[in-house]
Amino acid sequence: MSKEITSRAQDYSQWYNDLVLKGGLADYSAVRGCMVIKPYGFALWENMRDTLDKMFKDTGHVNAYFPLFIPKSFLSKEAAHVEGFAKECAVVTHYRLKNDPNGGGVVVDPEAKLEEELIVRPTSETIIWNTYKDWIQSYRDLPLLINQWANVVRWEMRTRLFLRTAEFLWQEGHTAHATAEEAVAETVQMLNVYADFVENWMALPVIKGVKTISERFAGAEDTYCIEALMQDGKALQAGTSHFLGQNFAKAFDVKFLNKENQLDHVWATSWGVSTRLVGALVMAHSDDQGLILPPRIAPLQVVIVPIYKGDEQKAKIGARADEIMSGLKALGIRVKYDDNDNQRPGWKFAEYEMKGVPVRITLGARDLENNIAEVARRDSKEKRNISLEGIVTYIKELLEDVQQSMFNKAKSYRDEHITPANSWDEFEKLLDEKGGFISAHWDGTAETEEAIKEKTKATIRCIPLDNKQEAGKCILTGKPSTQRVLFARAY
RNA sequence: CGGGAGGUAGUUCAGCCCGGUAGAAUACCUGGUUUGGGACCAGGGGGUCGCAGGUUCGAAUCCUGUCCUCCCGACCA
């Protein structure tokens, strides 16, 4: 069968690709580094997007949209920012094509060169702050709490479906505040929103923390992050929230009059999550049979597969399935009845397992006689015969249970893979043999961080929030340290 | 951007070394039998061999260029 999946043990990377492609989430495209998100994958993203969007609005944010193109000069206004993004920007230099005089189709019209080149946004801080300058005059205009859903382009050398593509979809929040304290509070609030979403909707436990200076967003004073752990023991940054200080306000001259009638630069934040979350979801939960999607964001939560001989049985089962469906739909459950004659039940079972549908109901003629249905859950593969009387309630509870089980499973895996290391030998051994997060002392210097990365490929993923303070010695240099930080190899 | 592998039917691949009418399995269409874990029989349709040049009487096959993908590295969300 062409739909077989490479096992995790055999080739983890290929397993991931197989899931994305054969699970129907995305396809490669004709454009280097760019993917086509297919309807099933997009439905998943839409569920994530809609949930997050509501959470943003519940915390007082509104949506807006800023241009795809950014004048080149904008990007150079904030030194650290341009440093961070210059190497991966797509640049528009011309605005017109013409027929090739040599007959080779169309060519760029050399006459149509832009006065100032346009950058395809890798992120929107610059164009947004250039705009905020006009929107903000006094403290009464603050805070300004805006989010945008958009695509961005970062010209990556090496791409992977969802995890790193040249173009990706995301949201970016950009807020302006009167005080540093308020901006920091916003940064932390949005980090908590992300953690809440990823844990409670994606069933994926995260560690909240702060990035070291070298891992910080280009142009930020502080970068907060949520870090998740994948099944191969590698960490994945699932979201970031930045306290930008007054860096962009100064670069774009955004000032406001405070209550004391004094002019001051505003304080900023930005925060984002992207379609990378889809990749995280796939890698964290799925198995060798296919995707396993958490019920709360699964495009399809329940599928009903009928088993029948002849039209008469099919009609009877169909009628009963309709009742179950309307019961489920009344509770807001996303359900599909698959009575397609072209595939046999066994094929459908395998297919919906591949696609990670959380719950399957099998309804056959034999079941109708006994007034039951077979209910199978995707996460544990457990099957159980359930009386048709209370099946709707049972399914509702089962979906909650699957959601919770998925989180618990991922959490115990994660917790088992946060390991303290107290010597360099132990540190290297853990990285190579166990993987996951390694909690170790670090002397706080960028040099040591870089040296460790050089030697082991492991980076400091974060300094956990509310980290325990304890005296110790740096894992590499032996210099004094006040706390442990989390190291890991990462995506 | 460096190293390696690859691109032939919707999909997975054979054919290429040694140039001579483009193949298999699966999927698809029709009819029939089936249906509790990826059904079976019979018939049928489908490919500018990634793209562009070149060599040749003749190119999927040889040569050059180019695009895309995968894996490994450097860089990064």
Ranking rA77(B), rC70(B), rU69(B) by distance to the side chain of Phe168(A), first place goes to rA77(B)
_For a quick check of understanding: with a heavy-atom distance under 4.0 Å over all strands, which category does Asn17(A) fall into, base, sugar-phosphate or nothing?_
sugar-phosphate
With the side chain defined as heavy atoms from C-beta on, Ala350(A) is closest, among rG37(B), rC71(B), rG36(B), to rG37(B)
Per atom distances to the Gln237(A) side chain, the nearest of rC68(B), rG36(B), rA77(B) is rA77(B)
In Watson-Crick or G-U wobble terms, with both distances under 3.5 Å, the base opposite rA52(B) is rU64(B)
- Task: Considering just the side-chain nitrogens and oxygens of Tyr28(A), establish if one lies under 4.0 Å of OP1 or OP2 belonging to rC68(B).
- Result: no
In Watson-Crick or G-U wobble terms, with both distances under 3.5 Å, the base opposite rG2(B) is rC72(B)
Rounded to whole Å, CZ of Phe162(A) lies from C1' of rA77(B) at a distance of 15 Å
According to the interplanar angle, ranging from 0 to 90°, do the rings of Trp267(A) and Phe243(A) count as parallel (below 30°), tilted (30 to 60°) or perpendicular (above 60°)? parallel
Using the C1' atom as the reference point in each nucleotide, state the distance between rG37(B) and rA42(B) in Å, no decimals. 27 Å
Pairing partner of rG45(B), by Watson-Crick or G-U wobble and under 3.5 Å for both distances, is none
Rounded to whole Å, CG of Asn370(A) lies from C1' of rG36(B) at a distance of 13 Å
Test side chain to side chain donor-acceptor pair (under 3.5 Å) applied to Arg377(A) and Ser405(A), step by step
CA-CA 11 Å; Arg377(A) 52 191 286 174; Ser405(A) 300; 3.1 Å; yes
So, Asp232(A) side chain and Lys234(A) main chain: donor-acceptor pair closer than 3.5 Å or not? yes
Q. How are the rings of Tyr12(A) and Trp15(A) set relative to one another: parallel (under 30°), tilted (30 to 60°) or perpendicular (over 60°)?
A. tilted
Looking only at rG37(B), rA74(B), rU35(B), the nucleotide nearest the Tyr308(A) side chain is rU35(B)
Which atom pairs, donor and acceptor, lie under 3.5 Å between side-chain atoms of residues 119-128 of chain A and protein residues at least two apart or in another chain?
from: Arg121(A); atom 1: NE; to: Asn151(A); atom 2: O; distance (Å): 2.6
from: Arg121(A); atom 1: NH1; to: Tyr65(A); atom 2: OH; distance (Å): 3.4
from: Arg121(A); atom 1: NH1; to: Phe66(A); atom 2: O; distance (Å): 2.8
from: Arg121(A); atom 1: NH1; to: Pro67(A); atom 2: O; distance (Å): 3.1
from: Arg121(A); atom 1: NH2; to: Tyr65(A); atom 2: OH; distance (Å): 2.7
from: Arg121(A); atom 1: NH2; to: Asn151(A); atom 2: O; distance (Å): 3.2
from: Arg121(A); atom 1: NH2; to: Asn151(A); atom 2: OD1; distance (Å): 2.7
from: Thr123(A); atom 1: OG1; to: Glu125(A); atom 2: OE1; distance (Å): 2.6
from: Ser124(A); atom 1: OG; to: Gln148(A); atom 2: NE2; distance (Å): 3.2
from: Ser124(A); atom 1: OG; to: Glu172(A); atom 2: OE1; distance (Å): 3.4
from: Ser124(A); atom 1: OG; to: Glu172(A); atom 2: OE2; distance (Å): 2.7
from: Glu125(A); atom 1: OE2; to: Ser270(A); atom 2: OG; distance (Å): 2.8

Heavy atoms only, 4.0 Å cut-off, all strands: where does Leu163(A) land among base, sugar-phosphate and nothing?
base
Taking any heavy-atom pair under 4.0 Å as a contact, classify Thr165(A): base, sugar-phosphate, or nothing.
base
Handout entry: Gap in Å between the two P atoms, one belonging to rG50(B) and one to rG3(B), rounded
Key = 23 Å
Exercise. With side chains defined as the heavy atoms from C-beta onward, is the minimum distance between Phe162(A) and Tyr16(A) less than 4.5 Å?
Worked result: yes
Self-check item: Spacing of the C1' atoms in rA5(B) and rC41(B) (rounded, Å)
Solution: 41 Å
Of the listed rU35(B), rA77(B), rC70(B), the closest approach to the Lys309(A) side chain comes from rU35(B)
Closest to the side chain of Ser13(A), out of rG38(B), rC71(B), rC76(B), is rC71(B)
* Between rG53(B) and rG10(B), how far is it from one P atom to the other, in whole Å? -> 23 Å
Between Gly33(A) and Arg461(A), whichever has its closest RNA chain B nucleotide further toward 5' is Gly33(A)
All heavy atoms of Tyr28(A) vs all of Val36(A), minimum pair found to be O-CG2, 4.2 Å
Is Asn342(A) close enough to rA27(B) that one of its side-chain N or O atoms is under 4.0 Å from OP1 or OP2 there? no
Touch check for Val273(A), heavy atoms < 4.0 angstrom, all strands: base, sugar-phosphate only, or nothing? nothing
What's the gap between rU56(B) and rC71(B) when it is taken at their C1' atoms, as a whole Å value? 37 Å
Across every strand shown, the nucleotide meeting Watson-Crick or G-U wobble geometry with rC40(B) (both distances under 3.5 Å) is rG32(B)
When rounded to whole Å, the CZ to C1' distance for the pair Phe349(A) and rU35(B) reads 10 Å
message: Roughly how many Å apart are rU30(B) and rG45(B), using the C1' atom of each and rounding to a whole number?
response: 10 Å
Would you say Lys455(A) has more than 12 foreign heavy atoms packed within less than 6.0 Å of its NZ? no
Original post:
Does Arg344(A) make a side-chain donor-acceptor contact with the base of rG36(B), cut-off 3.5 Å?
Top reply: no
Quiz item: Would you say the side chain of Lys383(A) and the base of rG37(B) hold a donor-acceptor pair, judged only by whether the two atoms sit under 3.5 Å apart?
Solution: yes
(Q) Around atom CD of Glu382(A), are there more than 12 heavy atoms from other residues, nucleotides or ligands closer than 6.0 Å? (A) yes
- [ ] Determine whether any donor atom in the side chain of Glu351(A) lies under 3.5 Å from an acceptor atom in the base of rG38(B), or the reverse, and answer yes or no.
- [x] yes
P atoms of rC17(B) and rG7(B), separation to the nearest Å
15 Å
By nearest-nucleotide position on RNA chain B, the 5'-leaning member of Asp341(A) and Glu215(A) is Asp341(A)
- How far does the C1' atom of rC49(B) sit from the matching atom of rU21(B), given to the nearest Å? 15 Å
Here the distance between atom P of rC75(B) and atom CZ of Arg154(A), to the nearest Å, is 17 Å
Rounded to whole Å, the NZ-C1' distance (Lys457(A) to rC76(B)) equals 14 Å
With a non-hydrogen cut-off below 4.0 angstrom, is Ala365(A) in contact with a base, only sugar-phosphate, or nothing? base
Q) Arg158(A) side chain N/O closer than 4.0 Å to the phosphate oxygens (OP1, OP2) of rC72(B)? A) yes
- [ ] For Arg32(A), answer base if it contacts any base atom (sugar-phosphate contacts may also be present), sugar-phosphate if it contacts only those atoms, and nothing otherwise; contact means non-hydrogen atoms under 4.0 Å.
- [x] sugar-phosphate
Gln14(A) atom CD is separated from rA5(B) atom P, nearest whole Å, by 17 Å
Of the listed rA77(B), rG36(B), rG38(B), the closest approach to the Glu156(A) side chain comes from rA77(B)
When rounded to whole Å, the CG to P distance for the pair Leu161(A) and rC68(B) reads 15 Å
Trp347(A) CH2 to rC28(B) C1', in whole Å, measures 13 Å
Mate of rG23(B) across any strand shown (Watson-Crick or G-U wobble, both atom pairs under 3.5 Å) is rC13(B)
